[in-house]
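Notes for the one structure printed next.
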Amino acid sequence: MDDPVTTALTNLLHRLADDHSGAVADYIPELAAVDPHSLGAAMVSVHGDLYHGGDSEIEFTIQSVSKPFVYALALSDLGLDEVTRHVGFEPSGEPFNAISLEATTGRPANPLINAGAIVTTALVTGADREEKFSRIHAILSAFAGRNLGIDETVYASESATGDRNRALAYLTLSQGVLAGPVEDVTDVYFRQCAVRVTTIDLAVMAATLANGGVNPVTAERVIDAEIARITLSVMSTCGMYDYSGEWMVQVGLPSKSGVGGGIVSALPGEFGIGVFSPRLDPRGNSVRGKAALAEMSQRFGLHVFTAPTGHRSPIAGSHIDNKVLTVQLQGEIDFVSAERIVRHLQEMAATYPITRIDLDLTHVTTVRTSGSELLTATFTDLRARQIAVHATSPDPSPLLELAGESRVDSG
Ligand code: DON
């Protein structure tokens with residue numbers, strides 16, 4: 001029997017089955033050969049659990065969905081400052097194939113339209129086109145958690161007809177922002193676009209971004225957490241081209257579409273999603289893919305800016321016994337939860353004649369610097385008021401900073 005998430009996903013796809021609007025891309029001739037009826041979706045949680053329905057295991061070419069992942073690789077290779085000398089991170093509000101260069105710098109403003117993506121591909125470290133592509137292929141595979149194939153027919157078809165992209169590359173070359181010969185760079189870019197994926201691959205790739213750069217299925221760290229954050233930020237402002245603003249308002253998920261019919265979306269800290277349906281709207285975004293994501297966002301409540309209510313409290317329990325306040329903490333101690341803890345300790349110290357606080361950290365998973373700074377300042381303040389603070393934890397390793405500061409009074 002299906003689990004309820006799979007059932008909800010399958011029902012949602014059924015409701016879209018009769019929408020035959022849009023048209024498959026044919027400016028790359030081989031893309032017109034795909035089955036236009038396909039429709040699939042997959043979700044992967046940051047815990048690595050997979051749900052999928054419809055044509056979720058059909059392979060299609062990744063196309064522009066590759067762009068944020070290659071951007072992440074360029075950031076890993078060169079860092080944000082150097083990448084930003086060549087390509088910006090502003091939504092250009094223009095179509096994916098626009099001739100779009102900033103008047104002042106000559107850079108493409110947007111790394112997720114073709115001009116910016118071609119410049120980004122050129123930045124990937126590698127002695128020649130083979131090495132650059134093999135590093136791109138390796139990271140796309142690491143994001144997906146399996147060795148991805150390449151559609152040689154679609155690659156050859158785009159290479160034979162991709163003169164607009166070559167023209168974009170020449171323009172960036174003339175501006176001094178393209179780091180490599182046009183033929184080499186566009187060849188790598190065409191290959192990157194011809195990598196074959198399923199919606200399940202896309203969901204795992206997005207879940208890796210949503211999980212701070214660690215693939216939740218393979219447990220491999222693919223990119224740094226900070227690069228995952230930058231990549232998701234750029235997807236949220238630039239990922240749907242000249243539809244990115246409306247997309248963020250209506251659907252509210254950092255996303256990237258491709259003319260192969262795929263769309264990838266991520267809900268940070270929660271889920272990665274991949275959808276596929278080849279018929280596109282005039283902007284090059286999958287018609288039913290967009291509809292599926294819009295409905296998922298609404299039905300499952302996934303909009304990234306929905307303010308959470310009833311935040312899980314970092315305080316699992318608190319009691320006073322003989323002037324000793326014992327507080328059980330739980331979960332991740334970041335700035336937000338530390339603020340709750342600090343308020344609680346201050347209120348208790350102001351209300352009751354306590355002489356000592358015991359913090360039970362058994363169920364604390366992580367202490368972030370932002371959280372420990374607030375707590376240690378509070379401990380100093382409490383100590384000045386003759387209140388001892390102790391921390392207990394069976395495994396102090398992730399909590400050294402906090403426990404170390406609080407091991408002040410052993411009495
Ligand atoms: O460069 C191109 O035109 C294609 N290889 C990729 C474009 C694309 O996927 C735009 N997406 N919606």
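One is the number of the first residue; the rest follow in order along the sequence. Every value quoted in this text rests on a predicted model; they were computed, and no experiment measured them. Every number for a ligand or one of its atoms is a count from 1 in the order of the listing.
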One pair per line, please: each N/O atom of ligand 1 matched with every protein N/O atom under 3.5 Å away, atom names first, then the distance to 0.1 Å.
| residue | atom | partner | partner atom | Å |
| --- | --- | --- | --- | --- |
| ligand 1 | 1 (O) | N114 | ND2 | 3.1 |
| ligand 1 | 1 (O) | E158 | OE2 | 3.2 |
| ligand 1 | 1 (O) | N165 | ND2 | 2.8 |
| ligand 1 | 1 (O) | Y189 | OH | 2.6 |
| ligand 1 | 3 (O) | Y27 | OH | 2.5 |
| ligand 1 | 3 (O) | N114 | ND2 | 3.2 |
| ligand 1 | 5 (N) | Q63 | OE1 | 2.6 |
| ligand 1 | 5 (N) | E158 | OE1 | 2.9 |
| ligand 1 | 5 (N) | E158 | OE2 | 2.7 |
| ligand 1 | 9 (O) | S64 | N | 3.0 |
| ligand 1 | 9 (O) | S64 | OG | 2.5 |
| ligand 1 | 9 (O) | V259 | N | 2.8 |
| ligand 1 | 11 (N) | S64 | OG | 3.3 |
| ligand 1 | 11 (N) | Y241 | OH | 3.0 |
| ligand 1 | 11 (N) | V259 | N | 3.4 |
| ligand 1 | 12 (N) | Y241 | OH | 3.4 |
| ligand 1 | 12 (N) | G284 | O | 3.0 |

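Taken from CG in L148 to CD1 in I139, the straight-line distance is 12.0 Å, to the nearest 0.5 Å.
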Distance-only donor-acceptor pairs under 3.5 Å for side chains of residues 196-215, two or more places apart:
| residue | atom | partner | partner atom | Å |
| --- | --- | --- | --- | --- |
| R196 | NE | E59 | OE1 | 2.6 |
| R196 | NH1 | D151 | OD2 | 3.2 |
| R196 | NH2 | E59 | OE1 | 3.2 |
| T198 | OG1 | I200 | N | 3.2 |
| T198 | OG1 | D201 | N | 3.1 |
| T198 | OG1 | D201 | OD2 | 3.3 |
| T199 | OG1 | S56 | O | 2.9 |
| D201 | OD1 | R146 | NE | 2.8 |
| D201 | OD2 | R146 | NE | 3.2 |
| D201 | OD2 | R146 | NH2 | 2.8 |
| D201 | OD2 | T198 | N | 2.9 |
| T208 | OG1 | F143 | O | 3.3 |
| T208 | OG1 | V204 | O | 2.8 |
| N211 | ND2 | V214 | O | 2.8 |
| N215 | OD1 | V217 | N | 2.8 |
| N215 | OD1 | T218 | N | 3.1 |
| N215 | ND2 | A142 | O | 3.0 |
| N215 | ND2 | F143 | O | 3.1 |

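Side-chain atoms of R164 come within 3.5 Å of backbone atoms of N97 as a donor-acceptor pair (strictly under, hydrogens ignored). For S313 (side chain) and I315 (main-chain N/O), a donor-acceptor pair under 3.5 Å exists by modelled atom type.
Of the options K290, R15, R288, a salt bridge (Lys or Arg N to Asp or Glu O under 4.0 Å) to E295 is made by R15 and by none of the others. Residue V195 forms a side chain to side chain contact (heavy atoms under 4.5 Å, CB included) with just one option from T61, I62, V154, V65, and that option is I62.
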